[in-house]
Amino acid sequence: MDEFRLIERFFRRDSKSSEVVVGIGDDGAVVKADTNEQTILVTDTMVAGVHFPERTAPQDLGYKLLAVNLSDLAAMGATPNWFLLNLVIPDADENWLEEFSTGLFSLAEEFGVELIGGDTARGPLCLSATVGGHVKSGTALMRNGAQAGDQLWVSGTLGDAAIGLDLVGGVLGANDHDMDYLVGRLNRPIPRIVLGLSLSAVATACVDISDGLLADLGHILRESGALGAIVDVSCLPLSPQAIAVCGVSLARQKALAGGDDYEICFTASPAQRPQIEQLRDQCNVKLTCIGSVRALSGIALTGTDNQDLTGIKSGYRHNWP
Ligand code: ADP
Ligand code: MG
């Protein structure tokens, strides 16, 4: 199958969105822009063997590729609109493409984002998406607004995806029920779009947790002017499944340093606490205060005397020799 038939068959769909003037099929896509809005662009790449185990189901890959991009938009407080898809695939395996596109479009439809173009090439498996969204001008949530005295919040539970990865790799073991949940958290992160939209009015800074809490919180603190934070380890939200599989201590390590959770970390004035507690119900997501921001730089961990935890330095980084 050549690249054009592949695109027609698996990726070209009827346009539903009034914002898309020209979608797949021309040299470029044409989208409308509203003068009261700003466009937010995010992009993410997933390389086989680096970002996902080679055996990951294609449906999960399609879902996750879009989910991790939507998570970036959530962290910006943006509404997603459309996306571009760059596929490098070793062969045109029809089953693979069918499943990949099913996973991809299931999430695209859930959030009303339309595929408007991309590129397709033959080579070692590498998946990339670029998503465009919008905010009302001036309302984007950024990393640089944290203030000393702000409280530190996270959504959902942390560490599940890293434990899921260990389960897939056979480093940890679990019963089927816990396995399904934790591997599901690895492969099917929930983009916190609705939460991100609501946070525009209450958060001072925001980031999505892709490389681990300590690493991504570090980005907020650095961008906000070399601030620091105190994180109460005993407050970290852990799922019952995470605790069942690896115990509280290791689960806390995974929560602090494990990647791929795609939960939201944000800072807000203590005065916003009642509003944030209301958001829990409105957005149907667990929100936990885990500490506070302070002027003294660095992240201090309290609530534990476990040296395994206090010694953690985290964050996945790609390195080249
Ligand atoms: P060009 O050669 O002009 O760069 P292509 O032949 O690569 O264009 O692509 C033809 C059309 O198909 C374009 O509209 C492009 O955006 C779209 N397209 C290519 N690959 C994909 C893909 N993986 N998903 C969605 N659209 C794609
Ligand atoms: Mg091209």
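Read the numbers this way: they start at 1 and go in the same order the structure lists the ligands and their atoms. Worth knowing before you read on, the calculation uses all heavy atoms, side chains too, and leaves out hydrogens, waters and symmetry mates. For clarity, every value in this text was computed on a predicted model and none was experimentally measured.
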Inset, instruction - Give a yes-or-no answer on whether the side chains of S269 and D150 include a donor-acceptor pair shorter than 3.5 Å. - result: no

Inset, instruction - Determine whether the side chains of T267 and T204 contain a donor N or O and an acceptor N or O closer than 3.5 Å. - result: yes

Legend entry - Atoms in ligand 1 flagged as close to D27, the criterion being non-hydrogen separation under 4.0 Å: 3 (O)

Inset, instruction - Answer with side chain, backbone, both or neither: which part of D26 has a heavy atom less than 4.0 angstrom from an atom of ligand 1? - result: backbone

Inset, instruction - Please could you name the atoms of ligand 1 that T120 approaches to less than 4.0 Å, counting only its heavy atoms? - result: 19 (C), 20 (N), 21 (C), 22 (C), 23 (N)

Legend entry - N or O pair under 3.5 Å between G25 and ligand 1: yes

Inset, instruction - Compute whether any side-chain donor of one residue and acceptor of the other, for T45 and S128, lie under 3.5 angstrom apart. - result: yes

Legend entry - E3-T120 side chain donor-acceptor pair, cut-off 3.5 Å: no

Inset, instruction - Please determine, by modelled atom types, if S71 and D208 share a side-chain donor-acceptor pair under 3.5 angstrom. - result: yes

Legend entry - Residue part near ligand 1, for D119, under 4.0 Å between non-hydrogen atoms: both

Inset, instruction - For I24, take its heavy atoms, then give the atoms of ligand 1 lying under 4.0 Å from any of them. - result: 12 (O), 14 (O), 17 (C), 25 (C), 26 (N)

Inset, instruction - Say whether S137 and E37, considering side chains only, have a donor N or O and an acceptor N or O under 3.5 Å apart. - result: no

Legend entry - F11 N/O to ligand 1 N/O under 3.5 Å: no

Inset, instruction - Heavy-atom contacts with F4 under 4.0 Å: which atoms of ligand 1 show up? List them by number with element. - result: 6 (O)

